[in-house]
Structure formats: structure tokens, C-alpha cells
Amino acid sequence: MDITDFLITLAVVVAAFALWLVSTALFIWGERRIVSKMQSRLGPNRLGPLGVLQTLADGVKMFFKEDIEPENVDRRVYYPAPAGSAVVAFLTFAVIPF
């Protein structure tokens, strides 16, 4: 495998990841719009055209939120547990051939 094959593979992986992120944000936006129509509300309409950037703003807000740790937490389990569930979720995509 030479450098050209590696760069092509890297480009495909980055493009697939970007498509996955954008589609997830659009699905969240669509769900929020549909639910708001069902509840006779405006829905996400603050950021961007028709509120498309609301999901991005929510992600930025979550990134800067303060972490809260319970008092008697077992740190060896408490911190790696979300990473373990994320690994399992990502491994489901390992069986999809590219």
C-alpha cells in the first residue's frame, strides 16, 4: 500500500464521517421541526435559515457545559463507560463494506 492508496482511503473515511455528521444534524433538525408542528409551536427558528444551525449551537453549548461528578462515584467505571458504549456503537458500522 503506497501513499496514494493511503490518501484515497483517508479521503473516503473523512468524507463518510462528514456525511454522517451532517446527516445526523439534519435528521435532528427535521425531527425538531416535525415535533414542533405537531405541538403547534415554532420549533427551531433562531439560528440560520429555518433554524438549520440550531443543532450546531446546541452542540457548542454542550461542549462548554461544566461536568458534574457525583460524590461517591467509582471513577474507574464512571469515566470509561460512555467511551465503551460509543465504541460499541461505532463497531456496528465496521461490518458495512465500503
Side-chain angles (χ1 to χ4, degrees):
M1 183 168 169
D2 61 347
I3 191 71
T4 307
D5 292 336
F6 176 74
L7 290 177
I8 291 172
T9 304
L10 183 65
V12 168
V13 168
V14 168
F17 186 70
L19 180 65
W20 176 60
L21 282 178
V22 170
S23 66
T24 300
L26 288 176
F27 282 134
I28 291 171
W29 172 78
E31 177 193 15
R32 291 172 80 173
R33 293 293 288 190
I34 291 170
V35 170
S36 71
K37 298 295 181 197
M38 289 168 45
Q39 297 173 353
S40 298
R41 295 183 298 114
L42 291 175
N45 64 348
R46 300 282 184 226
L47 289 143
L50 297 174
V52 175
L53 298 178
Q54 185 68 44
T55 304
L56 179 65
D58 290 341
V60 169
K61 183 179 86 172
M62 288 294 291
F63 182 75
F64 287 109
K65 284 186 100 171
E66 180 181 358
D67 291 334
I68 298 173
E69 181 182 305
E71 282 185 33
N72 299 324
V73 70
D74 184 7
R75 288 190 174 104
R76 294 178 302 163
V77 177
Y78 185 76
Y79 288 112
S85 63
V87 165
V88 171
F90 287 135
L91 284 177
T92 59
F93 292 104
V95 298
I96 300 173
F98 286 101

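Remember, predicted model here, so these are calculated numbers, not experimental data. When a residue number appears, it is its place in the shown sequence, counting from 1.
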Exercise. Does CG in Asp67 sit with more than 12 non-hydrogen atoms of other residues, nucleotides or ligands closer than 6.0 Å?
Worked result: no
For this session: Enter the distance from Thr55:OG1 to Leu21:CG here, rounded to the nearest 0.5 Å.
Result: 12.0 Å
Exercise. Ile68 and Tyr78: which non-hydrogen atoms are nearest, and at how many Å?
Worked result: O-OH, 3.3 Å
For this session: Could you tell me whether Phe27 atom CZ has more than 12 heavy atoms of other residues or ligands within 6.0 Å of it?
Result: no
Exercise. Is it the case that one hydrophobic cluster holds both Val60 and Val22, taking links as side-chain heavy atoms less than 4.5 Å apart, direct or via other members?
Worked result: no
Problem set entry | Single-linkage hydrophobic cluster, 4.5 Å side-chain cutoff, Val14 and Leu7 together | yes
Exercise. Rounded to the nearest 0.5 Å, how far does CZ of Phe17 lie from CZ of Phe93?
Worked result: 11.0 Å
Exercise. Looking at CZ of Arg33 and NZ of Lys37, how far apart are the two atoms once the value is rounded to the nearest 0.5 Å?
Worked result: 5.0 Å
For this session: To the nearest 0.5 angstrom, please state how far the CG atom of Leu19 sits from the OG1 atom of Thr24.
Result: 9.0 Å
